[in-house]
Q: 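Here's a structure for you.
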Number of protein chains: 2
Amino acid sequence: MKLQKPTATADRLVDIAESLFAEKGFYGTSIRDLADGIGIAKSSLLHHYPTKQKLYGAVLKKLANEMTLEVKGISERFADEKEQIFQLVQLLCDNSEKKPNRVNIILRELLDNPKRAEKAKKWFFVDYFKELTGMIKSGQDKGLFKPVNPEIFILQLLGAHRYLIISLPTVRQFFDESIYQQILKNHRAELETFVKERLMKEKGDHNGIYRNSV
Amino acid sequence: MKLQKPTATADRLVDIAESLFAEKGFYGTSIRDLADGIGIAKSSLLHHYPTKQKLYGAVLKKLANEMTLEVKGISERFADEKEQIFQLVQLLCDNSEKKPNRVNIILRELLDNPKRAEKAKKWFFVDYFKELTGMIKSGQDKGLFKPVNPEIFILQLLGAHRYLIISLPTVRQFFDESIYQQILKNHRAELETFVKERLMKEKGDHNGIYRNSV
DNA sequence: CAGTCTACCGACCGATCGGTAGACTGTCAA
DNA sequence: TTGACAGTCTACCGATCGGTCGGTAGACTG
């Protein structure tokens with residue numbers, strides 16, 4: 001029985017850790033919570049990951065690998081940079097519904113990273129970020145995109161999306177339900193418009209994933 | 001000596017709490033850290049704020065009041081909605097340099113708020129957010145702005161800015177210093193361009209805080 | 001069947017957590 | 001002068017923290 005799933009426990013730990021770290025953060029999550037979450041003893045957790053920090057690192061690594069792969073997949077499947085960017089927007093929006101933990105963990109990591117000081121070790125998301133800015137630069141080289149600063153554009157795009165996502169629970173709690181629903185419904189289109197206006201040159205009204213609604 | 005500053009300790013506690021909560025989050029900050037930070041005993045802290053949660057609440061309240069006042073100040077000083085929005089961008093950028101703790105606390109609050117469940121009590125930033133969306137709606141009523149969804153636009157604007165701000169330490173740590181400097185230098189202008197393209201109607205090339213560079 | 005390995009466990013460690021109790025101080029109003 | 005009181009302190013509490021320790025069960029290897 002055990003042999004059938006040789007590393008099942010370690011994987012399950014990463015899964016539960018992803019959701020608990022997303023929900024309560026690194027310091028707000030105890031290794032007891034994590035162990036209890038999958039029904040093993042605390043010392044068993046520490047058998048697989050000798051410190052909480054190591055487990056957290058495994059979560060980050062898995063997350064970064066998945067995300068980098070997804071983005072590289074877009075680069076490979078679509079030759080046109082315009083199409084790539086719009087696919088990226090789709091990916092962001094789809095994933096914040098399908099994998100809601102991701103955005104939380106990334107934001108928490110950005111906030112805590114300066115103090116946790118995992119220096120010397122290369123940060124997990126460097127490849128991810130460079131892949132994204134690479135898309136922009138490539139499109140600019142071909143004259144498809146406006147000459148925005150690629151890094152700033154990506155940060156603004158990710159920020160516009162992710163900040164909205166983490167605001168949703170609060171919006172729902174303290175504002176009218178109708179406002180919340182409006183945001184949910186139109187966010188994707190507004191993000192596409194953001195990309196179009198901010199990045200695309202006027203002429204060449206690109207392949208219409210999204211028609212200008214105004 | 002004590003009487004000269006009757007409530008000085010309570011205020012100093014809010015100050016140190018603002019910076020420590022910003023840096024390490026609610027769960028990452030202990031009341032011992034806070035008390036040591038201003039050189040008083042832990043129980044003295046608890047005399048002024050009976051729980052850590054109450055102190056945290058005081059920090060949020062002060063922050064929200066300051067920010068709401070600043071935004072209302074813009075509404076009052078400038079009649080033109082276009083000008084108001086550009087002043088808002090200035091305010092955001094200036095404050096993230098002058099009061100770097102703010103963005104961190106706000107982001108952490110958005111992340112933790114769903115679980116901390118301070119329900120029943122009105123959230124501190126409701127007024128702030130409504131003031132901002134009010135600006136947009138007012139400008140739209142006068143036909144100055146495009147018919148974007150006001151709530152989404154504000155969330156995207158705040159997100160584009162604040163996400164970039166909290167990313168800066170990480171960018172500096174893991175990317176070339178030149179990239180970091182480029183971001184610092186151009187962020188404000190890129191944010192203004194974002195507002196112009198996303199919100200302003202084409203005609204009426206408004207008072208030129210920032211010329212279209214493309 | 002001895003040796004080795006992985007997975008897991010309960011008991012325990014020192015440290016730190018948020019919070020309480022009670023004593024002492026100085027100030028101020030009656 | 002006295003009593004109330006805000007502010008501060010030391011000492012302490014039970015709970016929980018991250019992590020260690022010694023040991024068990026079972027599977028695989030020679």
Side-chain angles (χ1 to χ4, degrees), chain A residues 1-60 105 108-109 112-113 115-118 121, chain B residues 1-60 105 108-109 112-113 115-118 121:
Chain A
M1 189 177 75
K2 305 291 172 52
L3 191 58
Q4 295 167 1
K5 305 179 175 181
T7 57
T9 302
D11 288 345
R12 284 200 303 153
L13 275 174
V14 172
D15 289 341
I16 187 71
E18 184 180 311
S19 78
L20 289 190
F21 283 143
E23 186 188 339
K24 311 199 284 180
F26 182 79
Y27 299 108
T29 305
S30 72
I31 55 180
R32 282 174 180 81
D33 295 338
L34 295 163
D36 290 351
I38 62 165
I40 64 170
K42 182 170 56 101
S43 47
S44 302
L45 183 156
L46 291 163
H47 167 72
H48 294 280
Y49 299 94
T51 67
K52 185 164 82 157
Q53 189 67 245
K54 291 262 175 61
L55 175 54
Y56 177 79
V59 172
L60 274 196
I105 290 192
R108 290 188 187 279
E109 168 65 12
D112 289 338
N113 183 28
K115 104 159 264 272
R116 198 147 42 217
E118 321 178 47
K121 185 172 55 172
Chain B
M1 189 178 75
K2 305 290 172 54
L3 190 59
Q4 295 168 1
K5 304 180 178 183
T7 57
T9 303
D11 288 344
R12 285 201 302 153
L13 276 173
V14 172
D15 288 342
I16 186 71
E18 183 180 312
S19 79
L20 289 190
F21 283 143
E23 186 188 340
K24 309 197 286 180
F26 182 79
Y27 298 109
T29 305
S30 71
I31 54 180
R32 283 176 177 79
D33 294 338
L34 294 163
D36 289 351
I38 62 166
I40 65 169
K42 181 169 55 98
S43 50
S44 302
L45 181 155
L46 292 163
H47 168 74
H48 295 280
Y49 299 94
T51 66
K52 186 166 81 158
Q53 189 67 243
K54 293 261 175 61
L55 174 54
Y56 177 78
V59 172
L60 275 196
I105 290 192
R108 290 188 188 277
E109 168 65 10
D112 289 338
N113 185 28
K115 102 160 267 274
R116 198 148 44 216
E118 320 180 48
K121 185 173 54 175

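Chain letters run A, B, ... following the sequence lines, proteins first and then strands; every chain starts at 1. Quick caveat: nothing in here was measured; it's all calculated off a predicted structure.
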Q: Using a cut-off of less than 4.0 Å, is there contact between a side-chain N or O of B/H48 and OP1 or OP2 of D/dA6?
A: no
Q: Ignoring backbone atoms, establish whether A/S44 has a side-chain N or O less than 4.0 Å from OP1 or OP2 of C/dC9.
A: yes
Q: At 4.0 Å (heavy atoms only), tell me whether B/A41 reaches a base, stays on the sugar-phosphate, or touches nothing.
A: base
Q: Of all the heavy-atom pairs spanning A/L34 and A/I16, show the shortest one and how long it is.
A: O-CG2, 3.9 Å
Q: For the pair made of CD1 in B/I40 and P in D/dT8, what is the distance, rounded to whole Å?
A: 6 Å
Q: Please compare B/L46 and A/R32 by the position of their nearest nucleotide in DNA chain C and report the one closer to 5'.
A: A/R32
Q: Does B/S43 put a side-chain nitrogen or oxygen below 4.0 Å from OP1 or OP2 of C/dT20?
A: no
Q: Could you state the atom-to-atom distance from CG of A/D36 to P of D/dG18 in whole Å?
A: 12 Å
Q: Rounding to a whole Å, what distance do you find between B/K24:NZ and C/dT16:C1'?
A: 12 Å
Q: Relative to the ring of B/F21, is the ring of B/F26 parallel (under 30°), tilted (30 to 60°) or perpendicular (over 60°)?
A: parallel
Q: Would a distance-only check, ignoring hydrogens and angles, find a side-chain to backbone donor-acceptor pair under 3.5 Å from A/Y49 to A/A10?
A: yes
Q: With rounding to the nearest 0.5 angstrom, report the OG to CD1 distance, A/S43 to A/I31.
A: 9.5 Å
Q: Would you please confirm or rule out a distance under 4.0 Å between OP1 or OP2 of D/dT8 and any side-chain N or O of B/T9?
A: yes
Q: Categorize B/S30 for me: base, sugar-phosphate, or nothing, with a 4.0 angstrom heavy-atom threshold over every strand shown.
A: sugar-phosphate
Q: Tell me: CD1 of B/I38 to C1' of D/dC9, nearest whole Å?
A: 14 Å
Q: Which whole-number value in Å describes the distance from B/D33 CG to D/dC17 P?
A: 17 Å
Q: Could I get the full list of side chain to side chain donor-acceptor pair (under 3.5 Å) partners for B/D15, not counting sequence neighbours?
A: B/K62
Q: Once you round it to whole Å, what is the distance between C1' of D/dT20 and CD1 of A/I31?
A: 11 Å
Q: Measure CG/B/L45 against P/D/dT10 and give the value in whole Å, please.
A: 15 Å
Q: At their closest point, which heavy atom of B/R108 faces which heavy atom of B/A22, and how far apart are they?
A: NE-O, 3.1 Å
Q: Go through the structure and list residues passing side-chain contact (heavy atoms from CB on, under 4.5 Å) with B/E23, not counting sequence neighbours.
A: B/L20
Q: In dot-bracket notation, what is the pairing pattern of DNA chain D, taking Watson-Crick (N1-N3 plus N6-O4 or O6-N4) and G-U wobble (N1-O2 and O6-N3) contacts under 3.5 Å, with [ ] crossing and | for other strands?
A: ||||||||||||||||||||||||||||||
Q: Could you check how far CG of A/L20 sits from P of D/dG18, rounded to whole Å?
A: 12 Å
Q: Looking at A/H47, I'd like to know whether one of its side-chain N or O atoms comes within less than 4.0 Å of OP1 or OP2 on C/dA7.
A: yes
